[in-house]
Each structure stands twice: as structure tokens, then as C-alpha cells.
Amino acid sequence: MKSRWLILVLIVLAIALPWFFYDWGHHRHAGFLLSMLSQMGMMVILALSYNMLLGQAGLFSLCHATFFGIGGYAAIHLLNAAGTGDLPFPMEVMPLLAGLAGLALAILFGAMATKQRATAFAMITLGIGELMATAALMFHHFFGGEGGVTTNRMIENSLFGLTYSSGLQVYYLILAWTTLAAVLMYYLTLTPLGRMANATRDNFERAQFIGYDPRIVRFLQFALSGFFAGIGGGLYAITYEIVTFDALAAPLSANALLMAYIGGTTVFGGPILGAILITLLQSGVSLLSNSWLVYVGVMFIAMVIFAPTGLAGIVKAHGPIKHAGRMGSLLVPYLRLVIPSLGLLLGFIGLVELMSFLTIGAAQGKKLVLFGGSIDVNATLPWAISLGSFLLGGLWLRFEAAGFHRVWENLSAEVRR
Amino acid sequence: MTALSLRDVRKNFGATEIIRGVTLDIAPGERHCIIGPNGAGKTTCFNLISGRFPITSGEILLNGERIDTMPPHKINRMGLSRSFQITSIFQRMSVFENLRCALLWSRSYRYSFWSPLWRQKALNEAAEVLLEDLNLTARRDILAGLLSYAEQRALEIGMTIAGGASVVLLDEPTAGMSNTETDYAMALIRRVTHGKTLLMVEHDMKVVFDLADTITVLVYGQVIASGSPVDVRANRAVQEAYLGALEE
């Protein structure tokens, strides 16, 4: 099994990565990297648990952050109780308790939402999401209003005698829980419930006529997915020591959808890929550009139109060709796509950055630095180059893509034989 | 006791009465075919029996128990299974997974999210045996949606009988098949429904008169004749309403 090796490599890499960036001079870890990796861990759990609904059960939920958020709030209150010594639980089990909070709420809301499917289900979950976001602003006692609730994670109760004063210890706690949650979610796909979730997704009527009540299948899947989302929320609370209503509001629900979809909903590991990529964009590109959300949005639209199976789906589609040992035949067609793609991409980035700087940056009196050089946003040349590159790249890509498509189809037909 | 009986079953869609008082008794182990012109209500009858639609009035009994108020999954658990006129399988799951899912409930796995399927030896062996029976072993791991039409029909028949139902309803199992495919499908149906009660809607008269112990003729939501193939063939009303053209 090759994928097992891949998983092992990923985990080893995740453990070792902070040490590659260790600052030996000051005996310090790279804080930026640690917080980015920690964020990735939580988002992996969020995206995977969301895909238990979208990809595995065909349930288009718009309130997934609700269960993530409630896990976060629960963890904050539990940590506060543990800090004063009222709660004799060690740090390591806090995410589990947060998961139980997610489970409880998912049981409640799941009972309402999962009687329906398709559009009606999506509508109800939209309502639930809005309801919870409003509740978070109204019920100050539990949610703390706009300011949220805060805690101190150093509760001095750990199974391993850790204090969790450093980001590294927190990161390893997140890594352990992310791995555990991912393994459990994968295990679920191999059980009768997991398979029947797929079955009700494909054909709920047939599922009924082999003896299953699709509503119960959906309900259980929904509840369990809320459990895992809650674990993610617990880790969020431990990391940031503050939870505000952002942790359960609609933008995070949308993020869960984006990550799962871009990564690929048809492969179990797809959402992991999506979570890592989106977090990279979020932490990396957001430092470079104000417009990073534009890029995420455009990427999402492009995926929906051109690659509805997501990144993992693209990789998976190469399986038969690779199996037949014909990957070499794709090398040249792929290389031919590179230059026009780059033209299109750089042209687009140029246009977006110029526009965004014209409206925001210039008002702040800054200078636009793009591709290593300072650029005058009021001159014609940068606009012309960007537009030209965008249009030429686009046209050329269309031409090349048609050629690539032909090669791909021929090769697929050949491999099938 | 009858395996399946309908007592004055009626069904309205809005103001239109589609099924107008059907009474039918099917003995255990009987092979019963329903024939009738298009729009006679054959498929609607199936939908009422299997619980897909609620009936307007009357009674439906399965092995002596009322089932007409039950949802489809409960009727299925009581031992009645059906196939659809338009192929109804799990398109994005492998052929093997389709059959394994169809076996789950009858083997009391219910909604288990703790038993790992790969370790359920008896279950997996049963699914493999089914694959063999359906002649689909070579297609085991491809997605059901990628099978040929005839193979999909065979898979659906397999899923219909997998749960061990005692009463099997097949809705035009040979529709759209070539002669060879039809012969093959009928041989398969005979084999896998051996000892079960079979209720079938079918348009192919050759198939019907070949297979059926009893034939019921349904016209405009009413039974106009029911009996052995010989009796039905000789029935004057049937000849006028339906078979006339066939007899030349």
C-alpha cells in the first residue's frame, strides 16, 4: 500500500518540520511556522469532518462551523474550570470533551435537519448557522458577546507533565489529535454506517429498499461529524486561548466547504490537501497581498467549473495511466501548459494587485511592489502588460488545453483497453 | 396463508383514481406476472405494495400482516423486496460494495459504526458468492455506474434478492434488453428467485407465458382477469382489451 507510506511520511514530516526552522542562535522556534502548522491541524479536522457530510453522505451543510465553534466555547469554559482546580481533567482530554459538546449540539440540530435532504437540508442548516451566530452575540454569559471568552491554557494538569507554555507543545498536542481524528474518520468509512452513508448519497430510495432508513443514516453521520468538528474547535480554543463568534459563524462554514471541495470530496484524503493549501494561502499569501481572498474565490470557481473532483480527484484520475506505465506520454503535454498558464496567472495577479492598490494602497500612500520591482499604478504600461499577458495566456491556454484534452482522451482509451 | 394479498386497494392522485379496487392473492412460491397496456397502473401497484406511495383505501397484507401503513424500509425488513423499472443501484460505489450493502440489514449490522467491514468474513463471502451467481466477479471493483446496461440490471436483481426477502417484486426486469440478454436475464431470475414468491411486471409476452404460474391482467386500474396462462389466453375480455393484437 503506497498511500500508507505517504501517510507515514506526512506524519514524520509534520513532527520534524518545526525543527528545520529552529533558530539555534536564539534557541527559539519559528513562531509563525508553528502557528501556521497548528492552524492547519485544526482545519484538517474541520475539512475532513465536513466531508463526512458533503462527500460521503451527499449532505450540503452550511452550518458546520457551529459544531466547531461550540467545541471551542466548551473547551474555554472547561479550561477555566480546570484552571481553578474545579475540573480534574488533564489537558490532553480537553479536545475529547469539546468533541462531546459538538456531538450533543449536532444531535439536537441533526434531529431537525436530517429529516430532509438536498435543498431543504441546506436551507435548514443555513438557518441553524445564523441562529447560532446570533445566539453567540446575544447570550453573553456563555459566549461572551463580541469580545468572546478567554482562558489560560496553563492548567497544570497534564498526563505527560507538560505545561503547554510553548507553541511547540501545543502543536504536538494538535498533531496527535488531528492524526487520531483522521484515523477514526477513515475507520468510519469502513463500517456499515460509513458505507450506507455513501449508499444514501447515491440513491436514497434504493437504500430504503434494502432495509435502511436513510434519515437515521444521515442523522448518525451528521452527529458524528459534529463530534469531530467539536474536537477541532477544542484545539482552536487551546491554541488561541480565546474564542469569539468568528469560530462558529458563516464564513468558517464556507471555509470548511472551500477546503473540502478544493481538496476533493471524492477521495478521503482530499480535504486534508484542501485544508493545507487554503491555510498556506491564508497565512502565506495574506502577508503578501490584500487580495488573497480573491485568489481563493477564483480558485474555487475554477475548480467547480473545470475540476469538480478537486485536487485529489485530479491526482486519482491519473491512476489508470500511471498503472499502465504511460505517465511519460503526459510529460510534454503538461509542459506545454506551463507557459500559457503562467501568463494567464501572472496577468491576472497583476490586474488584481493593480486594481486593489489603486483603491486601497494608494490611499495609504504606499508604493506597490510587484514581482520584485516598484511599480507606478497610474502608468499605462503595467496595466497593458498585465492585460496582455492575461488575454494572451488565456487564449493560448485554451488552444493548448484542447490539445491536452485530445492526448488525455486517447491515452485513457488506450489504457482502458 | 397467502404470501401477499391486496384487498380492494385504491389509489387517487388528486381527483383521478389510478388504482380502482384491486384485489389479488398470491400464494407462497407462486410466480405471478402482471400484464396490461401502458398506463394501466402496473408500476403504481408496485409502488403501493412496496410502500413508495401510501394507498388511499384498502388493505395490503404480507404473510398475513398489514403493511400498507409502513414506510418502505420496514416493509423490506418484513421480507418484501423490489427492483425498479429504471435501474436503481448505487452508481458511485463498486459492484462489490453494492451487493455488500444490500446484505447488511438482513445480517443485522444495522447502523453499526464500530464493526470494521473488512473483518466480517461471512458477510464478505456472501457478497462474493452473489457476485459469482450474477456472473459479475470480473467486474467486482469497478463503479456500478460504469457497468453495461444489462450488467446493471443483473446487479439490481442481485441487490433485490440479497437480503433474503421471501417476496420479490421485479418491475420490467428485461425492458430494453436484446433477445440474448433477455434469455440470460430470465435464466438468472429463475435461478435466484428459486423457492421465493415472485411478482413481476413484464411486457414481453414470451417471457410472461414462459415463466408465470398465474397471470393477472390489469386495465385502467382494475383486474379484468386473473388465472393460469391457459385461462388468461382463452379469456375473451383479455383478448379484446389487450392480447387481441398479439393473437393475430
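Chain A is the first sequence line, chain B the second, and so forth, proteins listed ahead of strands; every chain is numbered from 1.
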**Student:** Under 6.0 Å from the CE atom of A:M123, do we count more than 12 heavy atoms belonging to anything else shown?
**Tutor:**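 At most 12 heavy atoms, drawn from other residues, nucleotides or ligands, come within 6.0 Å of this atom.
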
**Student:** If you count heavy-atom pairs within less than 4.5 Å of chain B, which of A:L193, A:D213, A:N203 leads?
**Tutor:** A:D213

**Student:** For A:L190, is it the side chain, the backbone, both or neither that has a heavy atom under 4.5 Å from a heavy atom of chain B?
**Tutor:** both

**Student:** Could you check which of B:G51, B:S50, B:A144 has the highest count of heavy-atom pairs closer than 4.5 Å to chain A?
**Tutor:** B:S50

**Student:** Nearest 0.5 Å, please: how far is CZ in B:F113 from OG1 in A:T191?
**Tutor:** 8.5 Å

**Student:** If you count heavy atoms of other groups shown closer than 6.0 angstrom to NE2 of A:H405, is the number above 12?
**Tutor:**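 Atom NE2 in A:H405 is not crowded, with 12 or fewer foreign heavy atoms closer than 6.0 Å.
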
**Student:** Is atom CD of B:E132 surrounded by more than 12 heavy atoms (other residues, nucleotides or ligands) closer than 6.0 Å?
**Tutor:**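 Counting other residues, nucleotides and ligands, CD of B:E132 stays at 12 neighbours or fewer.
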
**Student:** Using modelled atom types only, decide if a donor and an acceptor are shared between the side chain of A:Y187 and the backbone of B:W114 within a distance under 3.5 Å.
**Tutor:**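 It does hold such a pair.
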
**Student:** Heavy-atom pairs under 4.5 Å with chain B - which of A:I216, A:L220, A:V217 has more of them than the others?
**Tutor:** A:I216

**Student:** Counting heavy-atom pairs under 4.5 Å to chain B, which of A:E205, A:Q221, A:M196 comes out on top?
**Tutor:**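 Top option by heavy-atom pairs under 4.5 Å: A:E205.
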
**Student:** Where along residues 79-102 of chain B does a heavy atom come under 4.5 Å of chain A, listed by residue number?
**Tutor:**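 Listed by number: B:S81, B:R82, B:S83, B:F84, B:S88, B:I89, B:F90, B:Q91, B:R92, B:M93, B:E97, B:R100, B:C101, B:A102.
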
**Student:** How close do B:N76 and A:Q208 get, counting heavy atoms only, and between which atoms?
**Tutor:**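 For B:N76 and A:Q208, the tightest heavy-atom pair comes out as CB-O, 4.0 Å.
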
**Student:** So, for B:H73 and A:Y212, which heavy atoms are closest and what is the spacing to 0.1 Å?
**Tutor:** CB-O, 3.3 Å

**Student:** For B:W105 and A:I210, which heavy atoms make the closest approach, and how far apart are they?
**Tutor:**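 For B:W105 versus A:I210, the nearest heavy atoms are CB-O, 3.6 Å.
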
**Student:** Quick check for you: among B:R110, B:M78, B:M159, which has the greatest number of heavy-atom pairs under 4.5 Å with chain A?
**Tutor:**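 Top count of heavy-atom pairs under 4.5 Å with chain A: B:R110.
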
**Student:** Between B:G163, B:S115, B:P71, which shows the greatest number of heavy-atom pairs under 4.5 Å with chain A?
**Tutor:** B:S115

**Student:** Does B:R190 CZ have over 12 foreign heavy atoms under 6.0 Å away?
**Tutor:**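 Yes - once you tally the heavy atoms of other residues, nucleotides and ligands closer than 6.0 Å, there are more than 12.
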
